[in-house]
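In what follows, a structure is listed as structure tokens, so that the remarks can point back to it.
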Amino acid sequence: MLDARYVREHSDAVRAALADRASSWDLDAFIGIDEERRDLIAKVEKLQARRNEASRLVGQMMKEPRTEAAGALKNEVRSINEELSALQALLDTIEADARDMLLTVPNLPHESVPVGRDENDNPEVRRWGTPRVFDFEPKAHWDIGPDLGIIDFERAVKLAQSRFVLMGGLGARLERSVINMMLDTHTARGYKEWWPPILANAETLTGTGQLPKFEDDLFKTQSDPPLYLVPTAEVVLTNIHRDETVDASLLPLRYTAFTPCFREEAGAAGRDTRGMIRVHQFDKVELVKFATPETSLDELESMLTDACHILELLELPYRVIELCTGDLGFGAAKTYDVEVWLPSYDGYKEISSCSDCWDFQARRASIRYRDPAGFKGGRFVHTLNGSGLAVGRTVAAILENFQNADGSVTVPEALRPYMGVDVIE
RNA sequence: GGAGGGGUGGCAGAGCGGUUGAAUGCGGCGGUCUUGAAAACCGCUGGCCCGCAAGGGCUCGUGGGUUCGAAUCCCACCCCCUCCGCCA
């Protein structure tokens with residue numbers, strides 16, 4: 001969410017940012033509503049001030065007592081209240097309209113973000129590792145897994161639907177090993193581990209920006225009020241501090257959690273239909289930070305490093321790209337994507353996305369910090385989130401990059417303590 | 001699920017129809033004193049919104065209602081605590 005005052009006082013900057021993002025958000029409509037809203041507030045408050053004064057006078061008169069004069073004033077207040085309730089109803093709808101609009105405006109890209117139209121304009125930042133050259137025909141993970149008897153896509157469909165995964169034996173163990181290795185690595189590097197609910201309420205999903213605009217992407221329960229299956233642990237980790245003011249001395253806060261993630265993938269029909277790259281339920285270890293405005297960009301860089309560190313431990317080649325303005329997610333001010341080398345795609349595939357949301361989520365979720373030495377009152381924190389990493393895609397990358405000619409898969413060194421075996425065969 | 005109790009400022013805790021946006025204590029900030037600190041003493045000290053400002057409005061779990069006027073009365077809902085039941 002953007003600050004309404006900022007939007008009206010810097011409308012040119014906002015207009016330019018929306019254009020860079022190719023957003024169709026109606027800035028002029030908002031400015032009109034906002035102006036109407038402020039006029040109405042002035043009117044309503046003037047009437048309220050008169051009503052409050054008159055009521056106070058009535059109190060005095062009743063004591064003296066001057067009941068006749070009090071009666072006349074009572075009538076005045078009654079008529080003010082009638083006028084007021086009509087104005088108030090109007091103001092309520094206008095304020096709701098303004099807020100609804102504000103909840104659907106995307107974040108402003110940071111000034112350092114390259115301007116571009118879509119994913120083709122995302123500059124590559126760096127590469128690590130060299131994609132392996134196979135001296136045999138490498139298989140895709142959707143063949144390796146079933147051939148080894150460790151992934152069963154067909155029975156997953158029977159149990160649930162297409163785009164679900166069933167793993168067994170060393171496949172299940174590989175999934176769990178990757179999760180544990182990621183969590184152990186991040187907690188050793190200063191992240192606090194959490195174990196959050198994976199059903200969350202509408203306020204929580206609104207705080208991070210999934211609602212109201214992206215409800216179609218979410219699984220929703222039929223309870224009243226409804227709950228939503230979290231699409232990422234970012235949602236719950238960030239909302240831990242919703243409606244709170246944290247002490248500046250505690251910042252930056254670095255959190256991590258493993259959760260299953262649930263996505264409808266409503267608009268993805270036909271994309272990545274094979275294997276476990278795009279599924280309705282997948283595991284992810286998430287990184288979330290709360291930082292001051294002064295350090296948030298540095299924290300983004302170090303979060304990116306932390307995500308890449310996992311791939312380096314697993315010896316998986318990757319590259320980092322920066323998202324251009326046109327490809328930036330709704331709540332992000334700046335985003336790096338980490339892409340892992342996948343032989344089956346003969347290319348790099350997203351495995352982590354690290355974003356600095358600036359104060360966009362903090363304003364929605366009302367997450368402030370206090371710095372008695374620096375300033376009076378509270379300021380919004382900056383929130384950041386990144387995958388560290390997507391577990392299913394990591395497993396797929398391991399299977400494909402570490403496969404052998406005989407169909408077996410060598411376990412990366414870093415996972416052997418967790419797996420208990422050197423080779424999956 | 002049943003019965004009872006309760007939700008007030010950073011915390012504890014008064015108020016129970018009008019000058020209470022809220023006593024008091026703790027905490028926090030500033031000052032006096034002190035070589036420094038502690039103690040003591042003095043002063044200040046919730047949030048949000050509109051406004052250039054002066055000022056004004058809203059806010060005592062949430063939403064409605066009664067009243068000229070509600071933290072205070074009524075209704076509904078939410079949450080917390082205790083006991084009982086059920087349960088992994």
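Numbers restart at 1 for each chain; the letters A, B, ... are given by sequence-line order, proteins then strands.
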Both distances under 3.5 Å, Watson-Crick or G-U wobble: report the partner of B/A54, or none. none
Can you tell me how the ring of A/H110 sits relative to the ring of A/W358, calling it parallel under 30°, perpendicular over 60° and tilted otherwise? tilted
Give me the distance, rounded to whole Å, that separates B/A23 from B/A14 when you measure between the P atoms they each carry. 14 Å
Starting at atom CG of A/L102, determine the distance to atom C1' of B/C49, rounded to an integer number of angstrom. 14 Å
Whole-Å distance between B/G51 P and A/E35 CD? 11 Å
Ion pair A/R56/A/E53, N-O distance below 4.0 Å: no
When rounded to the nearest Å, what value does the distance between C1' atoms of B/A70 and B/C75 take? 15 Å
Heavy atoms from C-beta onward define the side chain here; which of B/C58, B/C50, B/C68 lies closest to that of A/V77? B/C68
Under 3.5 Å for both donor-acceptor distances, Watson-Crick or wobble: does B/C41 have a partner, and if so which one? B/G31
Does B/A23 have a Watson-Crick or wobble mate here (both distances under 3.5 Å), and if so which one? none
Between B/C68 and A/R78, is there an OP1 or OP2 to side-chain N/O distance shorter than 4.0 Å? yes
Result of checking A/H186, A/K289, A/R189, A/R254 against A/D306 for side-chain hydrogen bond (donor to acceptor under 3.5 Å, both in side chains): A/R189
Counter-base of B/C77, judged by Watson-Crick or G-U geometry with both distances under 3.5 Å: B/G61
So which one's nearest nucleotide on RNA chain B is more toward 5', A/A49 or A/M62? A/M62
When you measure from the side-chain N and O atoms of A/N52 to the phosphate of B/G57, is any distance below 4.0 Å, counting only OP1 and OP2? yes
What class does the angle between the rings of A/F164 and A/H280 fall in, given that below 30° is parallel, 30 to 60° is tilted and above 60° is perpendicular? tilted
Can you tell me the pairing partner of B/C83 across any strand shown, Watson-Crick or G-U wobble, with both distances under 3.5 angstrom? B/G2
A/S55 side-chain proximity, nearest of B/G51, B/C68, B/G56: B/C68
Please state the C1' separation for the pair B/U20 and B/A38 - nearest whole angstrom. 37 Å
Length of the CD1-P vector between A/I94 and B/C49, whole Å: 19 Å
Could you tell me the Watson-Crick or G-U partner of B/U66, where both distances fall under 3.5 Å? Say none if there is no partner. none
Salt-bridge test for A/K139 and A/E400: reply yes if a basic N is under 4.0 Å from a carboxylate O, no otherwise. no
Hey, is A/R117 close enough to A/D121 for a salt bridge, meaning N to O under 4.0 Å? no
Determine the interatomic distance between C1' on B/A71 and the same-named atom on B/G13; round to the nearest Å. 14 Å
For the pair made of NZ in A/K46 and C1' in B/C49, what is the distance, rounded to whole Å? 18 Å
Distance test, side-chain N/O of A/R99 to OP1/OP2 of B/C49, below 4.0 Å: no
Would a line drawn from the ring center of A/H241 to the ring center of A/Y369 be shorter than 6.0 Å? no
Select one nucleotide: of B/C50, B/C68, B/C48, the one nearest the side-chain heavy atoms of A/K74. B/C68
Could you give the distance separating B/A39 and B/G27 at their P atoms, to the nearest angstrom? 8 Å
Does B/A88 have a Watson-Crick or wobble mate here (both distances under 3.5 Å), and if so which one? none
Taking the P atom of each, how far is B/U34 from B/C48, in whole Å? 40 Å
Would you mind reading off the distance between A/R368 atom CZ and B/C48 atom P, rounded to a whole angstrom? 5 Å
Value in whole Å for how far the C1' atom of B/G56 lies from CG of A/L47: 12 Å
Pick the closest RNA chain B nucleotide for A/I41 and for A/R51 by heavy atoms, then say which residue is nearer the 5' end. A/I41
Does A/R37 put a side-chain nitrogen or oxygen below 4.0 Å from OP1 or OP2 of B/C50? yes
Do A/F214 and A/F330 make the cut of ring centroids closer than 6.0 angstrom? yes
When you compare B/G21 with B/C58, how far apart are their C1' atoms, in angstrom units rounded to a whole number? 11 Å
Just to confirm, is there a sub-4.0 Å distance from OP1 or OP2 of B/C49 to any side-chain nitrogen or oxygen of A/R38? no
Under 4.0 Å, counting only non-hydrogen atoms across every strand here, what does A/A42 touch: a base, just sugar-phosphate, or nothing? nothing
Assign A/R50 to base, sugar-phosphate, or nothing according to its heavy-atom contacts below 4.0 angstrom with the strands shown. nothing
Given the C1' atoms of B/G63 and B/C78, what is the spacing between them in whole Å? 10 Å
Separation of A/E203 atom CD from B/U62 atom P, in whole Å? 14 Å
For A/Q48 and B/C48, give me the distance from atom CD to atom C1', rounded to whole Å. 14 Å
Do A/E45 side-chain and B/G56 base share a donor-acceptor contact under 3.5 Å? yes
